[in-house]
Amino acid sequence: MASRTNDRRARIEQMRKAEQARERRSRIITISISAVVVAGLVGFGLFALNKESDKKDQEAAAAKAPVTGEKTWDAKKLARTHVTKAVTYPMKPPVGGDHDQAWMNCNGDVYKEAIPDRNAVHSLEHGAVWVTYNDKAPAGDVTKLGEKVKKTPYSLMSPVKDQSGAIMLSAWGKQVTVDSADDPRVDQFFTKYVQGAQTPEPGAACTNGVAGE
């Protein structure tokens, strides 16, 4: 009888020790997995921060670098009077000068039809970038540029049939002709001039203006 009791106690003790061992292994596995997850999150966070920092550095560099092939007019010499009569601009599309008192909506607005120069110039005064194209621009490029404009506040896009280049970008006192929607100068121009240092009236509205087709 005593022998059976001792055997039972021994088995119970053995089972208890086995259970404790399982619990220890579970704790070790849980701690190890948690450590791996935390390390992964920290690593991802650092990667994301570094990536964002690199992006900001690239944007800052793009904003400082000159845009290849860009034409520049002295922003301070471009007239800014509100007028109701037609204006003859020395460049096409215009990059500044007297303009209508109402601006074209430029909160990522893509116009399928031509828009009045006088209203578009007012948008440039508010810090917008104006993307224009003629009949020579490939349809795929027009679509890509339209998608970019739609995602960018303080930008607008419209056709200008009689402009010299197939695709042109304009800001107040600035203009460049690009080869395609994938031309790296497109991103650079947006980075540099959307609400850029050239803007006569930074922060002025790009909504509640004139809406085109």
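Remember, it's a predicted structure, so these values are computed and weren't measured experimentally.
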Exercise for review: List in chain and number order the residues that pass ring-ring contact (aromatic ring centres under 6.0 Å, His included) with Y193, two or more places apart in sequence or in another chain; answer none if no residue qualifies.
Suggested key: F189

Practice item. State which residues pass ring-ring contact (aromatic ring centres under 6.0 Å, His included) with W103; sequence neighbours excluded, sorted by chain then number. Key: H122, H126

Let me check something: do [X] and [Y] share a hydrophobic cluster, defined by ILVMFWY side-chain heavy atoms less than 4.5 Å apart, either directly or through other members?
| X | Y | result |
| --- | --- | --- |
| I167 | V67 | yes |
| V121 | V160 | yes |
| F190 | Y133 | yes |
| V95 | L156 | yes |
| V176 | V131 | yes |

Exercise for review: Kindly compute the distance separating NZ (K144) from OG (S180), expressed to the nearest 0.5 Å.
Suggested key: 7.5 Å

Point to revise | Atom pair NZ/CG of K174 and L169 - distance to nearest 0.5 Å | key: 14.0 Å

Taking the side chain as every heavy atom from C-beta outward, state whether [X] and [Y] have any pair of such atoms under 4.5 Å apart.
| X | Y | result |
| --- | --- | --- |
| H99 | H82 | yes |
| W73 | P94 | no |
| V129 | T152 | no |
| R185 | D179 | yes |
| V83 | T81 | yes |
| V142 | M157 | yes |

Closest heavy-atom pair and its distance - [X], [Y]:
| X | Y | value |
| --- | --- | --- |
| L145 | A181 | CG-CB, 3.8 Å |
| A102 | N119 | O-ND2, 2.9 Å |
| K192 | A65 | NZ-O, 3.1 Å |
| P153 | N107 | CB-OD1, 3.5 Å |
| P202 | Q195 | C-OE1, 3.7 Å |

Point to revise | side-chain contact (heavy atoms from CB on, under 4.5 Å) assessment of W130 paired with M104 | key: CA-CA 10 Å; W130 183 15; M104 288 301 300; over 6 Å; no

Practice item. Apply salt bridge (charged side-chain N to carboxylate O under 4.0 Å, His left out) to D109 and list each qualifying residue two or more places apart in sequence or on a separate chain. Key: none

Check your understanding: Of all residues at least two apart in sequence or in a different chain, which pass the salt bridge (charged side-chain N to carboxylate O under 4.0 Å, His left out) check with K150?
Key -> none

Review point. Can you tell me if Q188 uses its side chain to pair, donor with acceptor, with the backbone of P66 under 3.5 Å?
Key: yes

Point to revise | More than 12 heavy atoms of other groups within 6.0 Å of D74 CG | key: yes

Exercise for review: Please say whether more than 12 non-hydrogen atoms of neighbouring residues, nucleotides or ligands are located less than 6.0 Å from CD in E201.
Suggested key: yes

Side-chain donor/acceptor pairs under 3.5 Å, residues 86-93, sequence neighbours excluded:
residue	atom	partner	partner atom	Å
Y89	OH	D98	O	2.5
K92	NZ	D117	OD2	3.1

**Study point:** Listed once per pair and sorted, the side-chain hydrogen bond (donor to acceptor under 3.5 Å, both in side chains) pairs that draw on residues 161-172, sequence neighbours left out
**Key:** T132-Q163, S170-Q175

